Amino acid sequence: MIDLRLLRDDPDTVRASQRARVESESVVDELLRADEQRRAAVQAFEVLRAEQKALGKQVSQAKGEEKAALLSRTKDLAAEVKAAETAATQAETALRQAHLAVSNVVEEGAPPGGEEDFVVLREVGQKPDLASPRDHLELGEALRAIDMERGAKVSGSRFYFLTGVGALLELGLLQLAIAQAVEYGFTPAIPPVLLKPESMEGTGFLGAHASEVYRLEADDLFLVGTSEAPLAAYHSGEILDLERPIRYAGWSTCFRREAGSHGKDVRGILRVHQFDKVEMFSYCRPEEAHDEHLRLLAWQEEMLAKAEVPYRVIDVAAGDLGSSAARKYDCEAWVPSQGRYREVTSTSNCTTFQARRLGIRYRDADGKTQMAATLNGTLATTRWLIPILENHQQPDGSVRVPKALQPYLGGRDVLEPA
RNA sequence: GGAGGGUUCGCCUAGUGGCCGAUGGCGGCGGUCUUGAAAACCGCUAUGGGUGGUGACACUCAUCGUGGGUUCGAAUCCCACACCCUCCGCCA
């Protein structure tokens with residue numbers, strides 16, 4: 001939810017942001033109207049309520065005929081108060097609806113436009129020179145690292161087994177990510193992956209992403225699509241000390257229905273229903289969010305360097321940000337078999353948008369409570385196995401192990417087909 | 001699944017219809033005293049909204065798990081729900 005004070009003081013900024021996102025501008029005016037109507041309704045109620053309270057005090061002191069006279073007046077007033085309260089509650093509900101319809105205000109500098117309008121910030125690393133690259137599945141099957149067939153047999157399409165060196169590679173990658181995060185002062189966290197509706201709602205994942213989320217109907221719980229959700233809900237309703245940013249590195253399995261992606265990326269483990277991820281999550285003061293965002297990006301790039309994978313960084317266009325993010329950078333790793341870059345990390349600056357909905361605040365130097373900012377970013381996921389396998393493949397089908405991952409594979413520097 | 005108990009201000013706790021936004025303690029902050037510290041004493045110490053003021057601020061409304069009800073008036077009475085805890089059972 002955006003800051004209503006900003007909306008009142010400077011609605012044009014909000015309209016411009018909506019325009020940059022290629023989203024409706026009229027919702028801004030609807031929100032302005034709802035805000036006004038709510039204030040009017042609340043005021044009407046408060047006046048009546050104050051009167052009622054004052055009369056109530058007199059009643060408690062009066063007696064006899066005087067009391068009877070007072071009581072005859074209060075009866076009508078009570079009905080009016082009730083009506084005004086109902087109206088105020090309705091106006092409040094309407095405001096919330098309108099509030100939820102407006103996306104976060106885009107950070108200055110974000111490229112305008114839609115999905116295709118991203119800006120490439122840099123390309124890093126040397127693409128391997130491969131005559132006819134095998135894809136990750138072919139490599140993974142030869143190494144007995146990835147078993148899609150049995151995944152499908154046991155659980156259906158878009159499920160897989162990681163076995164042997166595949167499992168080791170995944171665990172090693174995630175541990176490497178956790179180790180790096182801890183080195184930089186993150187608190188490692190293993191969150192619950194089943195969330196109550198309100199936790200899911202608070203983080204906004206039941207909005208546009210609703211069809212992506214698995215729901216366990218019998219228990220009214222949701223499977224997380226990212227540990228961002230539990231890590232954001234972790235401090236909901238709290239007032240934090242944000243002298244310095246509070247950072248968590250969440251390790252969790254993630255579940256996605258991939259409902260709208262039929263026929264897309266069906267081969268291998270690029271797009272699957274279940275994967276593991278280490279996610280960075282920061283709470284900080286809003287004025288620090290911009291710098292924190294760049295720090296998260298730098299940590300992602302450090303991890304990619306450890307994986308020894310060529311990648312590029314893109315500045316995601318406003319129209320492709322999702323409603324919570326004000327700015328988003330993706331790192332895309334080179335995938336030789338596809339001859340193109342594919343997303344392996346994403347980091348979003350949600351400014352105060354997510355925190356406002358979750359009620360996450362901090363105390364400023366004057367002791368006043370202020371809305372916190374939240375940011376998140378991928379540090380490693382199962383998907384990384386794709387560029388790792390493909391970029392390090394050798395003509396004989398063996399795969400080199402990046403130096404940083406070797407300790408997790410028993411010191412092996414190359415994986416041979418079984 | 002069964003049986004009980006509970007949910008009040010950072011934490012603990014008092015509060016059975018108006019004098020309660022709410023008691024007391026702990027913790028925290030400030031002060032007195034002290035060379036300094038401790039102790040003692042004094043003071044302050046929830047959040048959100050609205051209106052007014054450039055502003056420190058003032059006034060006002062809401063909030064005692066959530067939602068409804070009774071009442072002129074509810075933390076307090078009634079109903080429903082949620083969550084937590086304990087014990088028993090079951091499973092691992």
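Values below: all heavy atoms of this structure, side chains included; hydrogens, waters and symmetry mates excluded. Computed from a predicted model, the values in this text were never measured in an experiment. Proteins get letters first, then strands, A, B, ... in listed order; numbering begins at 1 in each.
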What is the distance, to the nearest angstrom, from the CD atom on A:Glu36 to the C1' atom on B:G49? 16 Å
Restricting to side chain to side chain contact (heavy atoms under 4.5 Å, CB included), what partner residues turn up for A:Ser103, sequence neighbours left out? A:Gln18, A:Arg21, A:Glu23, A:Ser323
Whole angstroms only, please: what is the CD-P distance between A:Glu85 and B:G67? 11 Å
Name the orientation class of the two ring planes belonging to A:Tyr341 and A:Trp334 (parallel below 30°, tilted from 30 to 60°, perpendicular beyond 60°). perpendicular
Determine whether the side chains of A:Gln370 and A:Glu287 contain a donor N or O and an acceptor N or O closer than 3.5 Å. no
How far, in whole Å, is B:G31 from B:G21 if one measures between their P atoms? 33 Å
Using the P atoms only, state how far B:U13 lies from B:C78, rounded to an integer number of Å. 23 Å
Separation of the C1' atoms in B:G4 and B:C20, to the nearest angstrom: 31 Å
On a whole-Å scale, what distance lies between the P atoms belonging to B:A92 and B:G6? 35 Å
Looking at residues at least two apart in the chain, or sitting in another chain, which of them share a side chain to side chain contact (heavy atoms under 4.5 Å, CB included) with A:Ser398? A:Gln394, A:Asp396, A:Val414, A:Glu416, A:Pro417
Check: A:Lys277/A:Ser227 side-chain N/O donor and acceptor closer than 3.5 Å: no
Checking B:A74, B:C72, B:G69 against the side chain of A:Arg49 (C-beta onward), the nearest is B:A74
Out of A:Asn349, A:Thr351, A:Thr352, which residue meets the side chain to side chain donor-acceptor pair (under 3.5 Å) rule with A:Asn104? A:Thr351
Can you check the A:Leu55 CG to B:C61 P distance for me, whole Å? 13 Å
What class does the angle between the rings of A:Tyr234 and A:Tyr248 fall in, given that below 30° is parallel, 30 to 60° is tilted and above 60° is perpendicular? perpendicular
Would you kindly give the CD-to-P distance between A:Glu198 and B:G65, to the nearest whole Å? 17 Å
Nearest to the side chain of A:Lys196 - B:C72, B:C83, B:G50? B:C83
Given B:G49, B:C72, B:U47, the nucleotide with the shortest approach to the side chain of A:Thr369: B:U47
Write down the distance separating the C1' atoms in B:A22 and B:G15, rounded off to the nearest Å. 8 Å
Phosphate-side-chain proximity, A:Arg361 and B:U47, N/O vs OP1/OP2 below 4.0 Å: no
Identify which nucleotide among B:C72, B:C61, B:A46 has an atom closest to any side-chain atom of A:Arg363, counting heavy atoms from C-beta outward. B:A46
Measure distances between side-chain N and O atoms of A:Glu46 and base N and O atoms of B:G49, and say whether any donor-acceptor pair falls under 3.5 Å. yes
Closest of B:U47, B:C61, B:C72 to the A:Ile239 side chain is B:U47
Pairing string of RNA chain B (Watson-Crick or G-U wobble, both atom distances under 3.5 Å; | = paired to other strand) is ((((((((.[[[..)..(.....]]]((((((.......))))))(((((((....))))))).[[[[[..)....]]]]])))))))....
Whole-Å distance separating the CZ atom of A:Arg356 from the C1' atom of B:G48: 13 Å
Between P of B:A46 and CG of A:Leu240, the distance in whole Å: 19 Å
Nearest whole Å is fine: how far is B:G18 P from A:Leu71 CG? 16 Å
Assuming nearest nucleotide by heavy-atom distance, tell me which of A:Arg5 and A:Ala78 is located more 5' along RNA chain B. A:Arg5
Nearest-angstrom distance from the residue atom CD of A:Gln52 to P of B:G73: 5 Å
If the cut-off is 4.0 Å, is A:Thr74 near the phosphate of B:G73, judged by side-chain N/O to OP1 or OP2? no
Which one, B:G69, B:G48, B:A62, comes nearest to the side chain of A:Lys53? B:A62
Under 3.5 Å, is there a donor-acceptor pair between the A:Tyr329 and A:His293 side chains? no
Determine, step by step, whether A:Tyr184 and A:Glu302 satisfy the side-chain hydrogen bond (donor to acceptor under 3.5 Å, both in side chains) criterion, reporting the C-alpha distance in whole Å, the side-chain angles of both residues, the deciding distance to 0.1 Å, and the verdict. CA-CA 12 Å; A:Tyr184 288 112; A:Glu302 187 173 331; 2.8 Å; yes
For A:Val59, which contact category applies under a 4.0 Å heavy-atom criterion: base, sugar-phosphate, or nothing? base
Gap in Å between the two P atoms, one belonging to B:U23 and one to B:U45, rounded: 11 Å
Could you measure between the two P atoms, the one in B:C11 and the one in B:A46, and give it in whole Å? 13 Å
What distance, rounded to whole Å, do you find between the two P atoms, one in B:U32 and one in B:C85? 47 Å
Respond yes when some side-chain nitrogen or oxygen of A:Gln43 is under 4.0 Å from OP1 or OP2 of B:C61, and no when none is. no
